[in-house]
Every structure is written in structure tokens, then in C-alpha cells.
2 protein chains.
Amino acid sequence: MRNFRHPAISDIQLESVLYALSDPVRLSIVRQLAREGEATCAALDGGRPKSSMSHHFRVLRECGIVKTRNDGTSHMNELRSGDLNSTFPGLLAAILAAPK
Amino acid sequence: MRNFRHPAISDIQLESVLYALSDPVRLSIVRQLAREGEATCAALDGGRPKSSMSHHFRVLRECGIVKTRNDGTSHMNELRSGDLNSTFPGLLAAILAAPK
DNA sequence: TTTATTGTTCGATAATATTCGAACAATAGC
DNA sequence: GCTATTGTTCGAATATTATCGAACAATAAA
């Protein structure tokens, strides 16, 4: 429950990012993070089981969309907006601007 | 082999579009269409079986990315760039601009 | 009408993902 | 140390997708 795999900027793949964001649960996590800046896993589950959410956080992490850090017993998540924007300029903004 | 389902602009869903583009084969189809304007299915297969390609064209069609029309025995495909851009401004451009 | 060309549809198989309970791990606080 | 809290990992069931051969459909051309 400590060392997370975060890809380097150069390893972020467009296909993986698009795939991760094609899931409604993950997309809503990303939208909420964009609004709130950062949030714990608990603050981002919608009453869903922890194990399901943990899976979605892993997908978001391992494709380079989210960065997770330890904060006591909880995990704080934030978007890697800068990294994403430097790799795919305008992509995140376009997705976040899309009608919900 | 005649009537294709093309969603109306208002029915184009972000998640479906992202999912469709998260596949390498489909993404490369879209890139080629962006370069060449339009192309038949045959011009877009990379030596892959027709039935596989037909599946991918269907996914691209049914999520609103590609418009297919009959042209003799062949099918001509083109991007619905205008429709996509009016629904998700900047999204297609950002994806096409991404490093390959 | 026969034949060739271009794709679609069907059906089966294999590969991947999603979901979630249960067990486990890490930290905080008493 | 003991307990509560937060999330991860494991494992299994279910669902979804991708792949592709074979059969079919539509048009064109001989």
C-alpha cells in the first residue's frame, strides 16, 4: 500500500489515456479531480465498493492520468495535468469541456 | 450492405468516442482519414482480414466518428470532423496532434 | 447471366475488463 | 500493543471485445 507505479512522461500512451477515460466511473473521477484539485479515494467513490474503486484508480495511475501520494492512512489523488498537457496539448481540456 | 447506422450529432457520446479511439487499429484508420480526407475500407486495411476491419469500421461509425457511404461495390469513409468538433471542440485536433 | 470485387454478417474462440467480497497491509491514535 | 481507518491485493464470476474464417449481399462489368 505504498509504492505506486507512475509512468514517466515519455511513457504516457495516447491509447491508454483514451481507454482509461472511456469508462464512465473513471471519467467522473477525473472530472471531480479537475474541479477539486485533489481528493482521497474515499472522497471519490460514489458508494461503490473499495476494491472496484481501487481498480479504477490503478488504471488511471498506470496510464499517467493520476498521481497518487500517501497521506497518512489515506491516498491523495491529483491529475497530472501538466504532464498530460505537455504530451497531448489541449486533450484534457477538450475532454473536460465536453458536455456531461 | 447498404444502410448504416450513423448517430445524430446529439447522440454522440464522449465515452464511446474515446473508447473507439483507444484501439490502435481504429486510431490509425482515423489518422489516415484525417490525412487523406476519405478512403475505402480496402485502402484502410493493413492487410488485415476484412471481417476484422468491418468490425472496426462499425465501431467508428456507430459512435459517430466516421461516416460511410456507398460508392459502387465499395464503401467510402470519411471523418465526421465537423460534427465531432461542434460536440467536442478541439478533441479531434488534440488527438490527431498527439505523438504517434 | 455469369463472374469478379467489395464489404457485411454470422458464429466460434480467445483475450481483456469489470465487479466485488474477503483477506491483507500501512498508518494513526489510544 | 490493540483498534480503527483507508486502501490494496487476491480470486472468481461475469461481461465485453477482438479476431477471423466462412457464408452471404450488393453492385459492376464482361
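Here is the naming used below: chain letters follow the sequence lines, and residue numbers restart at 1 for every chain. Just so it is clear, the structure is predicted and the values come from calculations on it, not from any experiment.
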note = Between A/V25 and A/R48, the two heavy atoms sitting closest are CG2-CZ, 3.7 Å
ask   = Heavy-atom contacts under 4.0 Å between residues 27-44 of chain A and DNA chain C, which residues?
value = none
query = What distance do B/E15 atom CD and A/L21 atom CG have between them, rounded to the nearest 0.5 Å?
reply = 9.5 Å
query = Can you tell me how far the CZ atom of A/R80 sits from the OG1 atom of A/T68, to the nearest 0.5 Å?
reply = 10.0 Å
Separation of atom CZ in B/F4 from atom P in C/dT8, rounded to whole Å = 5 Å
inquiry  = Distance check needed: D/dA28 P versus B/M76 CE, whole Å only.
reply    = 13 Å
inquiry  = C/dT8, OP1 or OP2 - any side-chain N/O from B/S54 closer than 4.0 Å?
reply    = yes
remark   = Output for pair (B/K67 NZ, B/E78 CD), nearest 0.5 Å, gives 5.5 Å
task = Round to a whole Å and report the spacing from CG of B/L60 to P of C/dG7.
result = 15 Å
request  = To the nearest 0.5 angstrom, please state how far the OG atom of A/S10 sits from the CG atom of A/D83.
outcome  = 10.5 Å
message = I'd like to compare against my own output: the B/S/- annotation of nucleotides 11-19 of chain C with a strict under-4.0 Å heavy-atom distance to protein.
response = ------SSB
query = What orientation do A/H75 and A/F4 show, parallel under 30°, tilted 30 to 60°, or perpendicular over 60°?
reply = perpendicular
Nearest-Å distance for atom pair CZ/P, residues A/R5 and D/dG7 = 20 Å
task = Starting at atom CG of B/D71, determine the distance to atom P of C/dT5, rounded to an integer number of angstrom.
result = 17 Å
task = Would you tell me if any nitrogen or oxygen in the side chain of A/R58 comes within less than 4.0 Å of OP1 or OP2 on D/dC10?
result = no
query = Which nucleotide in the list D/dT6, D/dA26, D/dG7 gets nearest to the side chain of B/T73?
reply = D/dA26
message = Output the rounded distance in Å from CG (B/N77) to P (C/dT6).
response = 14 Å
ask   = Say you draw a straight line from CD1 of A/I65 to CG of A/L92; how long is it, rounded to the nearest 0.5 Å?
value = 8.0 Å
inquiry  = As an exercise, state the distance from CE of A/M53 to CZ of A/R58, rounded to the nearest 0.5 Å.
reply    = 14.5 Å
key: Distance in angstrom units between B/N70 CG and C/dG7 P, rounded   = 10 Å
note = The single option from B/N77, B/L79, B/V30 that satisfies side chain to side chain contact (heavy atoms under 4.5 Å, CB included) with B/L60 is B/V30
ask   = Atom CE of B/M53 to atom C1' of D/dA18: distance rounded to whole Å?
value = 13 Å
